[in-house]
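Here's the structure, in structure tokens; my notes come after.
It should be emphasised that the depicted structure is a prediction, and the values quoted were computed from it without experimental measurement. Basis for what follows: all heavy atoms, side chains included, without hydrogens, waters or symmetry-related copies.
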Amino acid sequence: MNKKPVAIVTGGGTGIGAATVSALRDQGWNVVVCGRRSETLEKVALSTGAIPVVGDAASAADVDRLLKTTVERFGSVDGLVLNAGIVRPGKVGELATDDWDAMVRTNLTGPFLLAKAAMPHLIAAGGSIVGIASASALRATAGIPVYNATKAGMAMLMESIAVDYGSFGIRANTVCPGWTRTEMADMEMDEYGAELGLEREQAYSVATSFVPSQRPAEAAEIGNVVSWLLSKHASYINAAVIPVDGGMIAVDPGSLALDPRATMSANQSSQFPAHP
């Protein structure tokens with residue numbers, strides 16, 4: 001009987017991470033899910049059968065413990081999903097150095113630490129890595145320069161791993177989600193909406209009104225792409241940077257001023273359809 005493949009998912013307690021855990025479990029993977037909040041991890045574990053490990057994916061000690069737990073439980077590591085990430089807003093001239101350090105540590109150093117520690121196991125398995133970046137890795141979003149930079153760094157880290165380890169059978173790819181319904185995005189929409197007198201759904205509609213699909217993604221839509229990239233169905237995809245953004249980055253910003261919607265007041269946002 002074929003052994004089930006084994007994946008580690010960081011930042012897996014909510015949102016895209018949790019959706020990826022569910023997709024992988026549905027496809028027959030054994031999954032170890034890591035996050036800092038025990039209560040959310042336990043919910044994911046209960047609903048999917050994944051093995052929870054509470055820890056900070058940016059801590060070398062916690063990463064070593066995560067990998068040791070996985071190997072002791074399942075004997076191998078076939079895939080990594082590097083999803084843990086944080087955002088702290090602030091322009092370069094305003095951002096505290098501590099905020100810079102925190103984002104670099106979580107969004108970039110953490111993925112490096114786990115990829116480095118797991119590499120011997122991934123080579124043995126001919127495994128795969130998926131880094132969760134953002135559309136902000138491809139287009140600069142105002143007010144979050146360090147998030148932009150670290151997510152762009154994530155994409156280049158994955159490309160570099162693919163170049164250096166492709167001959168060992170390793171695949172490393174990047175997924176760049178656009179607006180996606182997650183706990184973090186909901187909070188951002190609540191803050192954005194509060195400034196303009198909008199409900200959350202109205203805020204999502206305004207934020208995605210120029211996205212060709214005209215709606216945010218569901219977390220499961222991102223998780224399905226990630227699980228596919230880890231699978232043998234994507235066996236010749238390596239060093240790819242894949243937007244999963246409803247077409248957002250394809251839009252020419254220079255043409256938006258010609259769109260009549262650009263002149264509409266935010267207070268008229270109820271004219272945009274709310275999507276479930």
Euclidean distance, [Y] [atom2] relative to [X] [atom1], rounded to 0.5 Å:
| X | Y | atom1 | atom2 | value |
| --- | --- | --- | --- | --- |
| S128 | N238 | OG | CG | 7.5 Å |
| I8 | D78 | CD1 | CG | 10.0 Å |
| R88 | D98 | CZ | CG | 8.0 Å |
| Q202 | E199 | CD | CD | 6.0 Å |
| E218 | T182 | CD | OG1 | 10.5 Å |
| L256 | F210 | CG | CZ | 5.5 Å |

Are R181 and Y204 in a cation-pi setup, meaning NZ or CZ lies under 6.0 angstrom from the ring centre and within 45 degrees of the ring axis?
-> yes
Does E72 pair with R65 as a salt bridge, N-O distance under 4.0 Å?
-> no
Identify whether the distance between the nearest side-chain nitrogen and carboxylate oxygen of E201 and R215 falls below 4.0 Å.
-> no
Quick check: is [Y] connected to [X] through a chain of hydrophobic side chains (ILVMFWY, heavy atoms under 4.5 Å apart)?
| X | Y | value |
| --- | --- | --- |
| V54 | V9 | yes |
| M189 | V206 | yes |
| I129 | M154 | yes |
| I222 | M187 | no |
| L230 | I237 | yes |

So T180 and I16, side chain to side chain contact (heavy atoms under 4.5 Å, CB included) or not? Walk me through it.
-> CA-CA 8 Å; T180 305; I16 291 170; 4.2 Å; yes
[Y] and [X], any side-chain heavy atoms less than 4.5 Å apart:
| X | Y | answer |
| --- | --- | --- |
| I242 | N173 | no |
| E94 | K91 | yes |
| V130 | L82 | no |
| T97 | D101 | yes |
| L41 | V33 | yes |
| V77 | V71 | yes |
| D245 | V211 | no |
| V241 | L138 | yes |

Exercise: do [X] and [Y] side chains pair donor with acceptor under 3.5 Å:
| X | Y | value |
| --- | --- | --- |
| Q214 | T208 | no |
| T40 | T14 | no |
| T174 | K151 | no |

Checking salt bridge (Lys or Arg N to Asp or Glu O under 4.0 Å) for the pair E188/R200: CA distance, chi angles, key distance, verdict?
-> CA-CA 9 Å; E188 291 179 275; R200 179 186 294 173; over 6 Å; no
Might you work through the side chain to side chain contact (heavy atoms under 4.5 Å, CB included) test for H121 and L67, ending with a clear yes or no?
-> CA-CA 10 Å; H121 301 282; L67 187 61; 4.1 Å; yes
Side chain of R73, backbone of I51: donor and acceptor closer than 3.5 Å?
->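 It does not hold such a pair.
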Hey, is the main chain of V6 close enough, under 3.5 Å, to the side chain of N30 for a donor-acceptor pair?
-> no
More than 12 heavy atoms from other groups under 6.0 Å of OH on Y165 |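 Result for OH/Y165: open.
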Return yes when atom CD of E221 has more than 12 non-hydrogen atoms of other residues, nucleotides or ligands closer than 6.0 Å, and no otherwise.
->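 Buried by this count: over 12 neighbours within 6.0 Å.
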What's the verdict on side chain to side chain contact (heavy atoms under 4.5 Å, CB included) for I161 and M119, showing C-alpha distance, side-chain angles and the deciding distance?
-> CA-CA 10 Å; I161 289 172; M119 193 58 68; 4.0 Å; yes
